[in-house]
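The next block holds one structure in the form of structure tokens; read it before the comments.
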Amino acid sequence: MKNLSKYLFFFLIFIIFTNALSKQNTIKNIRISDKPDNTTTRIVFDLTKKTAYSVFILDNQPRLVVDLEASSYKKFEEFKSNIIKNIRINNNGKGVIRLVFDLKKVAFIERNFYLSKNNKNVFRLVIDLRSQKKVKGNIKTKIKAKKPFTITIDAGHGGLDPGAVRYKYKEKDITLLAAKELRLLLDNKGYKVYLTRNKDTFISLRKRRKIAKKYNSDLFISLHVDSVKKKATRGTSIYTLSDKASDKVTAMLAERENKVDLIAGIDSTKVDNEVFSILLDLQRRDTKNASSSFAEIYVGKIREHGYRALKRPHRHAGFAVLKSPDIPSVLIELGFLSNPKDAKYLSNKKSRARVLKALSEAIDLYAKSRSNI
Ligand SMILES: [Zn+2]
């Protein structure tokens with residue numbers, strides 16, 4: 001997929017003083033200046049606290065993205081730069097401010113570091129950007145090959161675990177068929193697609209998440225068919241992780257092995273647990289927002305196609321399979337096996353294709369939106 005965001009490269013850096021944890025950070029100023037050689041631009045953030053941040057570059061419509069733990073910001077100075085076009089600031093009100101620097105050309109992060117506090121008690125976070133062009137051949141730019149938008153489709157249940165069983169149908173069979181058909185649809189659109197299972201086997205929920213991680217997925221979709229006592233209930237719904245459930249994620253990820261997976265380039269043995277839990281929290285918020293955004297897109301597409309949905313189709317739950325902290329994940333109940341009409345609809349390839357088409361269009365829209373942070 002041409003239009004998708006790719007990480008040129010991705011740094012997650014974390015520096016913290018434990019006594020700064022409880023106090024809030026304000027971005028007092030952002031100063032931007034080109035160096036005389038015109039290939040380097042320095043960005044300096046004046047901060048009241050030395051807090052967590054992550055910084056990375058997206059090469060599609062080149063942008064530098066900086067996430068800073070901060071609660072407010074003040075107006076910053078006007079600037080002129082050969083590399084930076086403009087700045088967009090998004091304060092989600094939850095303690096992280098995202099700054100997106102639109103770039104005039106492809107650039108890479110040469111350095112990022114904190115300067116020690118000056119005599120006005122201001123901490124300075126410095127990011128040096130270098131435009132790629134003039135350093136060609138001189139500096140190793142660590143550019144990764146472009147990776148197509150990658151989706152892992154999870155066919156719910158399997159093997160010993162049949163899921164819902166109603167009439168002559170088993171949930172595990174319908175989810176497997178749907179997963180394979182969806183893969184075909186997405187393959188044809190140029191996505192990279194993986195299945196957690198392609199036959200009738202049992203796979204643990206943890207393993208399903210691990211498969212998505214292994215393939216470095218941009219999106220994880222778990223397919224299910226619901227079943228309830230009330231026969232009349234029918235329609236699709238989509239679940240994302242709830243806040244409450246998400247807190248357990250952070251706790252769970254205190255395990256060293258997971259940390260190493262998550263934070264590229266940081267030696268987890270040298271950073272304490274508190275640091276990691278905050279860093280994970282930053283990452284998790286982003287993932288949660290992205291999952292919700294996908295869910296909303298799905299609901300929109302379902303309505304557009306006139307496929308039946310529950311009254312509040314986007315719901316929150318603590319499904320274990322959704323707990324990847326860094327991969328946007330959704331669980332879709334395609335319909336109700338307990339409803340005769342849904343059961344018939346979903347067990348028929350032709351009618352099933354309708355909901356899968358809507359789902360694949362939702363993926364298109366989402367993938368495009370992710371390339372435009
Ligand atoms: Zn299920």
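In listed order, ligands and their atoms are each counted from 1. Because the structure is predicted, anything quoted here is derived from the model rather than measured.
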Sidechain-backbone polar pair: Thr150 side chain, Pro148 backbone, donor-acceptor under 3.5 Å: yes
Number of protein N/O/S atoms that sit closer than 2.8 Å to the Zn ion (ligand 1): 3
Check: Thr41 side chain, Asp34 main-chain N or O, donor-acceptor pair, under 3.5 Å: no
Partner set under salt bridge (Lys or Arg N to Asp or Glu O under 4.0 Å) for Arg352, not counting sequence neighbours: Glu181
Cluster companions of Leu176 among Ile, Leu, Val, Met, Phe, Trp, Tyr (side-chain spacing under 4.5 Å): none
Other cluster members, Leu160 - Ile/Leu/Val/Met/Phe/Trp/Tyr, side-chain contacts below 4.5 Å: none
ring-ring contact (aromatic ring centres under 6.0 Å, His included) between Tyr345 and Tyr307, worked out: CA-CA 11 Å; Tyr345 190 98; Tyr307 184 74; 5.2 Å; yes
